[in-house]
Each structure stands twice: as structure tokens, then as C-alpha cells.
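Below: one structure, written as C-alpha cells.
Since this is a predicted model, take the numbers as computed values, not measurements.
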Amino acid sequence: MFPGSSRFLTSTLAGCLLIASSAAAQQTSPLPPSQVSTDAPSARPPAQPPLPTHAFWDRTNILLFSGVGVFRGLDYASTRNFQARGREEVLIPDAVVNNSAGFAALEAAGTATSVGLSYWMHRIGHHKIERWISIVHIGVTGFGVARNYSLKSKHVAP
């Protein structure tokens, strides 16, 4: 593991547990169950109808997932391009980047992870987050592609 990563992981886990426990504490009723009134229908807000949902593989998601796949392909090509120009990849180990099949599998796994996270958000009803996962993924990958192509070559002109 990387130095300090266990400290980061521990603090992240502790923060998640703290947030979860405070959210659970907010769901309890301030009154004992014997004093909670169930006969006053005017005390409750009217039930809202459920929001209309969409199919997971609708047109918007297909376009977003295609965009993620295209930008991951562009990331592969731009990384290969700047390596051919003498630059060094610093985010991914050389054993992965210099292996064509391994690097392509990494890019495919990134796309699959994005689709999987979107599906998870869809299943639990967070439809806006479901779309934003792909939008942010496209934006971040697009920035990386633009950066890779804009790097100057390290080769000295003859």
C-alpha cells in the first residue's frame, strides 16, 4: 500500500460511520410510542406520489455510457501517444501501461465501473446521481485526454 493510505482509509471509514450514526439518530421520534398520535390525519403531510422512474437502458443512459466508453478509448490513445513522444505516465504503474492488453482492460474496467455505479444509483432511486456519474466521468477523462495531447514532446528535434 502507499504511505499514509491506511490512515486515510481509517479516517474515511470513521467519517462514514459517524455520518451513518447521526442519520440514524435523526430518524427516531422525540416522543415515546405511547404518546405518538395516530388518529390525527391532519398532522401528517399528504403522501406524495412516487416520482416517475425511467428504464435503466434508456436513450440518455445509452448515450452517456457510450460517451464514457469513447472517452476511455481516447484516454488510451492519448496515453499511448504521449508515451511515444517520450513522456512518462505517472498515475498508473508501468507494468500496466506498457502492457497493451492490460491497459485496455483497465480502461474497459473503468467504463464498467461507471456503468455499475450508475446502475446502483438507479436501483436505489438516485436518478440524478445516476446521470451525473457518467457526466463527471466524461468530463474528467476529457480533461485528461486534452492534457495528454497538449504535453510537449521530450524528444529533441535533430
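Expressed to the nearest 0.5 Å, how far NE2 of H127 lies from CE of M121 amounts to 11.0 Å. Here the OG1-CZ distance, from T111 to F65, works out to 10.5 Å after rounding to the nearest 0.5 Å. Remark: E130 CD to I124 CD1 distance equals 10.5 Å, nearest 0.5 Å. Taking CH2 of W132 as the reference point, atom CD1 of I129 lies at 11.5 Å (rounded to 0.5 Å). Note: Q83 CD to D94 CG = 7.5 Å, rounded to the nearest 0.5 Å. Expressed to the nearest 0.5 Å, how far CZ of R87 lies from OG1 of T79 amounts to 12.5 Å.
Scanning both residues, V115 and F56, for their nearest heavy atoms gives O-CZ, 3.8 Å. In plain terms, the two heavy atoms of R85 and K152 that are nearest each other are NH1-C, 4.0 Å.
Shown here are the side chain to side chain contact (heavy atoms under 4.5 Å, CB included) partners of S150, two or more places apart in sequence or in another chain: there are none. With sequence neighbours left out, the side chain to side chain contact (heavy atoms under 4.5 Å, CB included) criterion links V70 to L74. For L91, the side chain to side chain contact (heavy atoms under 4.5 Å, CB included) criterion is met by E89, not counting sequence neighbours. Here Y76 pairs with F103 under the ring pair (Phe, Tyr, Trp, His ring centres under 6.0 Å) rule; sequence neighbours left out. The salt bridge (charged side-chain N to carboxylate O under 4.0 Å, His left out) search around D58 returns R131, not counting sequence neighbours.
A continuous path of ILVMFWY side-chain contacts below 4.5 Å connects V68 to L64, so both sit in one hydrophobic cluster.
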Using side-chain contact (heavy atoms from CB on, under 4.5 Å), reason through K154 and E88 one step at a time and then give a plain yes or no.
CA-CA 10 Å; K154 283 194 170 184; E88 180 102 13; 5.7 Å; no
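N61 places a side-chain heavy atom less than 4.5 Å from the side chain of H54.
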Would you give me the side-chain donor-acceptor pairs under 3.5 Å for residues 134-147, sequence neighbours excluded?
from	atom 1	to	atom 2	distance (Å)
H137	ND1	S114	OG	3.3
H137	NE2	R72	NH1	3.1
T141	OG1	H137	O	2.8

